[in-house]
Amino acid sequence: MALRSVLLASVLATASLASVIDLDIKVRNGYRTIEVDLGTPGGPYDLLFDTGSATLWVVDEDCNDGCPNVSGYTRHKYSPTSTGTYLGVADSIAYTGGTIDGFGASDILSIPGTNVSYRQTFAVATASTWSALGADGFLGLGSSTIAFKNTTAPFEQMMQDGLLDKPRFAIYQGTGVSTTSQPNPVNNGVFTFGGSHEDIYADGEFQWIQMESPFEVYKTGFHGVQGHNITADGKNQSGQLLNWYGDVVFDTGASSISISESHIDEVYAMTPFSYADLLNGYRPLCSEFNDTWSVSFTVGFSGEAATFTLTGDQLAVPGYVDDDHCFPPFNSWNSENTILGQHWMQNFYMVFDFGSFDPESYNIRLGIAPLKKEYRHRA
């Protein structure tokens, strides 16, 4: 309790320094990143922002064979700077798509183009299986309770240090779409710490979804998925609502939508595609992703659930072998939970609001609004 009081005192004492920080979002081989400086003198690190984890990590300067890199990018590796210290702890993180091992460290993190600078704890990877990652590491946005040993999640640290105007961050992912022919498109996405810009990006009001407590990642209840299509005579037709026991996780570190392997066939039956055909090598043409069909997800806790519908063209992601073919919209995985990843979230303006700077008073909600036409992604 004493430590928390000190943190809150720090927030109050530095309120005049609170900021709304906007960072450009880059697209690198399909990975979306933001840039921060780490160390003194600071070096630029492009980090994958990930709402599905909680640790900031970068690669150690001496990690070569243990940290393979086939991304096509030269990674900026961390070496001790004049303000850096090691924490004397080792740990590992297992993600759905890879693992890292390493040790804890502390150094000054600065936001380029601002006067924001503070001390951040993070992990230095001495082994990593993220060989294709088009980034220098991760910037986890979940709860410090699941972070690398003895480290604090970056967003929570910024809140505790009184650096932010509001206890929220917001994401407009941008119009850039990474394809086979153009893996690094020009992008206009904006990641905002300490505020949001719904007046610019949102087409209408937010639907607010309560997140699960105690907070680890951004998870809420699942109430079902439903398919819709326009028949040959122009009539709208909806299928049966499909529901199962599980939760929904909003994860910017994931690319597509992950569906329980127990229900993947039924979900694909709501689309023009057959899961069995996809397993046998069928490659969907991007022309098959159009506005004659759509899929709705109903999420949230009982009494407050909201439904979000995306048409086929909003789920189109070119680059499945070539730019004429699009990636299948759903992945199968061995969990009853549903992951709504980057390809789903890029159709919305997303605000992750904590409701309080005090961890004991968090009331975490996710605000979701459709994008204005000029800000929608273009496949």
Side-chain angles (χ1 to χ4, degrees), residues 11 18-25 32-34 48-54 111 116 139-143 153-160 163-175 187-213 215-221 247-254 297-301 304-310 314 339-359 361-377:
V11 169
S19 302
V20 177
I21 305 165
D22 292 325
L23 298 175
D24 293 336
I25 294 176
R32 281 177 162 80
T33 68
I34 54 178
L48 169 73
F49 55 89
D50 182 21
T51 57
S53 66
I111 306 295
V116 174
L139 189 144
L141 293 160
S143 167
F155 180 66
E156 289 198 290
Q157 188 66 61
M158 294 172 75
M159 288 198 296
Q160 291 170 2
L163 300 174
L164 303 177
D165 188 55
K166 294 181 179 179
R168 63 169 52 178
F169 63 88
I171 305 173
Y172 164 56
Q173 295 207 44
T175 54
N187 194 42
N188 58 344
V190 175
F191 188 106
T192 303
F193 284 116
S196 55
H197 302 295
E198 54 269 30
D199 55 324
I200 298 175
Y201 301 110
D203 185 12
E205 298 296 318
F206 283 121
Q207 295 195 74
W208 288 97
I209 308 298
Q210 195 74 37
M211 297 292 103
E212 184 178 278
S213 179
F215 167 53
E216 291 186 347
V217 294
Y218 303 92
K219 181 189 294 186
T220 192
D247 293 315
V248 170
V249 179
F250 297 88
D251 185 0
T252 58
F297 286 86
T298 300
V299 302
F301 294 115
E304 299 179 342
T307 298
F308 301 93
T309 301
L310 293 181
Q314 292 177 291
I339 293 180
L340 298 181
Q342 180 188 125
H343 298 162
W344 190 90
M345 287 193 278
Q346 69 187 1
N347 294 282
F348 301 96
Y349 189 58
M350 313 282 290
V351 174
F352 297 75
D353 189 277
F354 281 55
S356 173
F357 290 101
D358 178 4
S361 301
Y362 283 168
N363 180 31
I364 300 175
R365 301 183 304 157
L366 179 53
I368 305 174
L371 292 168
K372 292 177 181 177
K373 185 175 181 180
E374 62 267 33
Y375 294 110
R376 297 171 191 167
H377 82 284

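- Counting only distance, with no hydrogens or angles, the side chain of N188 and the backbone of Y172 share no donor-acceptor pair below 3.5 Å.
- Counting only heavy atoms from C-beta outward, the side chains of M211 and F352 never approach each other to under 4.5 Å.
- Remark: F49 engages F191 in a ring pair (Phe, Tyr, Trp, His ring centres under 6.0 Å) (not counting sequence neighbours).
- Applying the side-chain hydrogen bond (donor to acceptor under 3.5 Å, both in side chains) test between Q346 and each of H377, R376, Q314 identifies H377 as the sole match.
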Legend entry - F354 and F155: CA distance, side-chain angles, deciding distance, ring-ring contact (aromatic ring centres under 6.0 Å, His included) verdict: CA-CA 11 Å; F354 281 55; F155 180 66; 5.0 Å; yes

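- A tilted orientation is assigned to the rings of F348 and W344, their planes being inclined by 30° to 60°.
- N187 places a side-chain N or O within 3.5 Å of a backbone atom of I25 that can act as its donor or acceptor partner.
- Side-chain atoms of R168 never come within 3.5 Å of backbone atoms of S196 as a donor-acceptor pair (strictly under, hydrogens ignored).
- Residues M345 and I171 have side chains not in contact (no heavy-atom distance under 4.5 Å, counting atoms from C-beta outward).
- At least one donor-acceptor pair closer than 3.5 Å links the side chain of Y349 to the backbone N or O of H197.
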Inset, instruction - Check the pair L164 / I21 against side chain to side chain contact (heavy atoms under 4.5 Å, CB included), numbers first and verdict last. - result: CA-CA 8 Å; L164 303 177; I21 305 165; 4.0 Å; yes

Inset, instruction - Carefully, step by step, assess F297 and V248 under the rule side chain to side chain contact (heavy atoms under 4.5 Å, CB included). - result: CA-CA 10 Å; F297 286 86; V248 170; 5.9 Å; no

Could you give the side-chain donor-acceptor pairs of residues 202-210 under 3.5 Å, partners two or more places apart or in another chain?
{"from": "Q210", "atom 1": "NE2", "to": "N363", "atom 2": "OD1", "distance (Å)": "2.5"}
{"from": "Q210", "atom 1": "NE2", "to": "I364", "atom 2": "O", "distance (Å)": "3.4"}

Inset, instruction - Apply side chain to side chain contact (heavy atoms under 4.5 Å, CB included) to the pair M158 and F193, showing each step before the final yes or no. - result: CA-CA 9 Å; M158 294 172 75; F193 284 116; 4.0 Å; yes

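- At distances below 3.5 Å, not a single donor-acceptor pair connects side-chain atoms of T51 with backbone N or O atoms of L141.
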